Amino acid sequence: MTIALVLLAAYVIDRIVGDPRNLPHPVIGMGKAITALERVIRRLWSRPQSLSRAGVLLPLCVAGGAWALTAILLWLLSSISPWLVWIAEVWLISTTIASKGLKDAGMAVYVELQKGDIPAARKALGMIVGRDTNSLDAPEIVRGTVETVAENIVDAIISPLFYALIGGAPLAMAYRAVNTLDSMVGYKNDKYRDLGWASARLDDVANFIPARITALLLALCAGMLRLDWRRCLQMVKRDAHLHPSPNSGYPESAVAGALGIRLGGENVYHGVASFRAYMGDPVRTMEPDDIIQTSRMMMLCSSIFVGLCAVVAWIWIGG
């Protein structure tokens with residue numbers, strides 16, 4: 001029952017509070033550790049083959065370190081009071097979830113689009129995506145926002161809750177470290193192709209099961225919100241595997257099918273155009289309200305999943 005309460009409390013805290021700017025956040029520490037370790041590795045090894053082997057050290061040290069430090073902290077607190085352990089675990093797990101932050105980021109773009117302030121909407125979108133946004137029109141801004149919110153349902157909510165259910169705060173923090181590694185070094189460019197391959201591969205493995213769970217939950221949510229759940233499942237079956245990521249195509253194709261829109265197309269990164277496979281059919285033109293609908297699906301999906309996690313935890317312990 002304790003694990004169930006921890007998960008529910010952590011999720012509620014994230015939904016209400018999010019990530020307060022005046023409190024320290026573990027991801028900031030992870031980012032600093034990754035940057036420092038990368039500098040050390042590059043000083044010691046410079047050849048591609050050596051960097052490729054050294055790339056394995058990043059997830060071992062960062063993700064392994066995040067797990068170990070969290071486990072040690074909880075062990076030390078257990079010698080003082082079980083209540084301190086409970087409080088610490090709730091807070092730590094809440095920092096691995098970003099449902100409120102994801103919704104707020106999407107709404108920031110939506111508000112500017114509703115005002116008709118395209119430059120401000122581009123700037124708001126640029127805060128949450130890696131693509132160039134300076135020349136995007138309103139439909140492309142909507143597309144970028146919907147894609148980002150949909151994709152991050154897995155990374156920012158379902159996966160951390162999944163690993164918290166399995167291994168508590170230590171495993172949730174380890175997952176967040178893996179995801180942070182992927183966002184910092186998991187690129188297939190000249191700088192990180194050798195050093196970041198292990199981090200990117202581990203992130204793919206970590207999100208494999210949660211991504212597919214998310215697609216099924218999104219179909220359920222589509223039915224509950226009176227969207228097209230049948231087309232949601234059809235698009236997942238047809239398009240999910242077309243995405244360059246083995247996981248991101250599942251939530252994106254699910255949302256595209258449910259809303260009757262087409263995601264994917266040409267994106268520009270640092271001035272270089274890159275085509276991403278289409279997800280869904282353009283049954284209608286994208287509009288700002290699609291951001292609202294995607295956020296609703298995200299919130300309902302996350303609420304259902306944390307409830308399922310709590311039930312599983314309760315049965316697990318009860319058994």
Side-chain angles (χ1 to χ4, degrees), residues 19 25-42 48 51-70 93 95-99 101-102 105 126-131 144 147-164 166-167 170-215 240-241 243-252 267 269-270 274 276-277:
D19 296 323
H25 199 288
V27 172
I28 296 176
M30 292 175 189
K32 292 180 179 179
I34 293 167
T35 300
L37 188 55
E38 180 185 350
R39 289 198 190 106
V40 172
I41 289 174
R42 290 190 183 278
L51 278 176
S52 182
R53 289 196 294 265
V56 179
L57 291 174
L58 279 171
L60 283 176
C61 294
V62 179
W67 184 92
L69 288 173
T70 305
I93 293 175
T95 65
T96 68
I97 311 167
S99 59
L102 190 55
M127 298 294 291
I128 56 174
V129 299
R131 71 191 69 173
E147 287 175 351
T148 299
V149 173
E151 178 182 357
N152 280 284
I153 295 172
V154 178
D155 295 354
I157 305 169
I158 304 301
S159 285
L161 286 171
F162 177 80
Y163 288 105
I166 296 173
L171 196 56
M173 294 299 289
Y175 167 76
R176 179 52 61 208
V178 169
N179 190 245
T180 304
L181 275 164
D182 182 61
S183 67
M184 292 181 67
V185 303
Y187 299 103
K188 295 180 180 179
N189 55 27
D190 292 339
K191 183 177 181 180
Y192 289 115
R193 183 178 292 109
D194 299 309
L195 182 63
W197 73 271
S199 298
R201 189 67 58 84
L202 184 57
D203 184 73
D204 289 342
V205 172
N207 286 313
F208 187 87
I209 294 175
R212 285 143 184 84
I213 292 173
T214 301
H241 69 282
H243 199 284
S245 163
N247 301 313
S248 298
Y250 283 83
E252 288 189 28
N267 299 327
Y269 299 92
H270 306 292
S274 174
R276 181 168 291 179

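The shown structure was predicted, so the numbers you read here are calculated from the model rather than taken from an experiment. Just so it is clear, the values below take in all heavy atoms, side chains as well, and ignore hydrogens, waters and symmetry mates.
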Yes or no on side-chain contact (heavy atoms from CB on, under 4.5 Å) for Ile213 and Phe162, after CA distance, side-chain angles and deciding distance? CA-CA 10 Å; Ile213 292 173; Phe162 177 80; 4.2 Å; yes
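- Smallest separation of non-hydrogen atoms from Thr95 and Asp19: CA-OD1, 4.4 Å.
- In this structure, CG on Leu102 lies 7.5 Å from CD1 on Ile128, to the nearest 0.5 angstrom.
- Here the straight-line distance linking atom OG1 of Thr214 with atom CD of Glu151 works out to 11.5 Å at 0.5 Å rounding.
- Annotation for Val129 and Gly144: closest pair CG1-O, 4.2 Å, computed over non-hydrogen atoms.
- To the nearest 0.5 Å, the span separating CG on Leu181 from CG on Leu58 amounts to 6.0 Å.
- Annotation: side-chain hydrogen bond (donor to acceptor under 3.5 Å, both in side chains) contacts of Ser159 (sequence neighbours excluded): Asn207.
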Sequence neighbours left out, cut at 3.5 Å: what donor-acceptor pairs do the side chains of residues 30-39 make with other protein atoms?
| unit_1 | atom_1 | unit_2 | atom_2 | d |
| --- | --- | --- | --- | --- |
| Thr35 | OG1 | Gly31 | O | 3.0 |
| Glu38 | OE1 | Tyr192 | OH | 3.4 |
| Glu38 | OE2 | Arg42 | NE | 3.0 |
| Glu38 | OE2 | Arg42 | NH2 | 3.4 |
| Glu38 | OE2 | Tyr192 | OH | 3.2 |

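- Between atom CD1 of residue Ile209 and atom CD1 of residue Ile166 there is a gap of 7.0 Å, rounded to the nearest 0.5 Å.
- When atom types are taken as modelled, the side chain of Trp197 and the backbone of Ser52 share a donor-acceptor pair closer than 3.5 angstrom.
- In this structure, Asp155 and Arg176 approach most closely via the heavy-atom pair O-NH2, 3.0 Å.
- Looking at Arg131, its side chain never comes within 3.5 Å of a backbone N or O of Tyr269 through a donor-acceptor pair.
- Atom OG in Ser99 sits 12.0 Å away from atom CG in Asn152 (nearest 0.5 Å).
- The two residues Ala200 and Asp182 come nearest to each other via the heavy atoms CA-OD1, 3.3 Å.
- Here the closest non-hydrogen pair linking Ala63 and Ala174 is O-CB, 3.7 Å.
- The list of salt bridge (charged side-chain N to carboxylate O under 4.0 Å, His left out) pairs with a residue in residues 194-206, not counting sequence neighbours, is empty.
- Considering CG of Leu57 and OG of Ser199, their distance stands at 10.0 Å, rounded to 0.5 Å.
- Heavy-atom minimum distance, Pro251 versus Asn247: CD-O, 3.2 Å.
- Between the side chain of Tyr163 and the backbone N or O of Ala206, at least one donor-acceptor pair lies under 3.5 Å.
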